[in-house]
Every structure is written in C-alpha cells, then in structure tokens.
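Let me begin by presenting the structure, written as structure tokens, before commenting on it.
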Amino acid sequence: MGALEDKLFDDYVTIKAARGQRQNISSTRQAAEWLLYKWPTEEDTDKAWRARKACFEALQGKVDAAAARKAFRDAAEEAGILISGDRRPTFRPVKRKR
C-alpha cells in the first residue's frame, strides 16, 4: 500500500458533532476519521461501509474526492447527523426604487 494523500472536498459537509456543535468536514482524511472514530451509530449500514470504502480509495488515489464526499454525505444523512451537504450562498432579491 502506497502513501495516503488527503484530498480536499470542493464544498464541506456540515454535520452534528458532540454536545450539539457543528463540524465542517472538508477532506477525505477528516471524513475517514469521523467514519472510524466518531460515527454515532454502532450499526454498520451499507451507506456507512460505502463511505469508508470511498474515503480510503480517495486517500489511495483510486477515486476522486467528489465521490468520497458524496458517499460521506449520504451516510451522514442516513445517520441523522447531516446539517448541510451543500454550501450555497443565499440570495435575496433586491428591490429597486422606481
């Protein structure tokens, strides 16, 4: 097995952490660490397994970070810890005076 290389996600995934805090997961390494050491459920679901696999394959350079991010986001949603999987700006219409 070669060296593992952390890859940044294009957009972070915001999840619920301990004591009601928020955690922004922004890389394959952070996602893998969460899946291994901080995951809230004891049950090993198919989505959690796929997310671990995708993160480790991304660290090995076998898949891109986007695939790992999507798998992690899906697993977080299933586990009930997903706050936001998409970082999008909020736009408000501007009222123009006539």
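By convention here, the first residue in the shown sequence is residue 1.
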Under the side chain to side chain contact (heavy atoms under 4.5 Å, CB included) rule, what do Leu82 and Arg73 come out as? Steps first, then yes or no, please.
CA-CA 7 Å; Leu82 180 69; Arg73 186 206 173 284; 3.7 Å; yes
Test salt bridge (charged side-chain N to carboxylate O under 4.0 Å, His left out) on Asp44 and Arg52 and set out the steps.
CA-CA 11 Å; Asp44 191 25; Arg52 282 195 309 275; 2.8 Å; yes
May I ask you to decide if Ala58's main-chain N or O and Lys7's side chain share a donor-acceptor pair within less than 3.5 Å?
yes
Could you report the tightest heavy-atom contact between [X] and [Y], atom names first, then the distance?
| X | Y | answer |
| --- | --- | --- |
| Ala48 | Leu35 | O-CD2, 4.2 Å |
| Ala17 | Trp34 | CA-CH2, 3.8 Å |
| Pro40 | Ala79 | CG-CB, 4.2 Å |
| Phe56 | Leu36 | CZ-CD1, 3.4 Å |
| Lys47 | Ala75 | O-CB, 3.7 Å |

Out of curiosity, [X] [atom1] to [Y] [atom2], how far, rounded to the nearest 0.5 Å?
| X | Y | atom1 | atom2 | result |
| --- | --- | --- | --- | --- |
| Arg22 | Tyr12 | CZ | OH | 9.5 Å |
| Lys53 | Asp46 | NZ | CG | 11.0 Å |
| Ile25 | Gln30 | CD1 | CD | 5.0 Å |
| Ile15 | Lys38 | CD1 | NZ | 8.5 Å |
| Glu33 | Thr28 | CD | OG1 | 10.0 Å |
| Cys55 | Asp6 | SG | CG | 10.0 Å |

Aromatic ring proximity, centroids under 6.0 angstrom, Trp39 and Phe72
yes
Linking I/L/V/M/F/W/Y whenever their side-chain heavy atoms sit closer than 4.5 Å, directly or via other members, would Tyr37 and Leu4 fall into one cluster?
yes
Stepwise side chain to side chain donor-acceptor pair (under 3.5 Å) check, Glu78 with Thr45
CA-CA 9 Å; Glu78 179 184 61; Thr45 66; 2.7 Å; yes
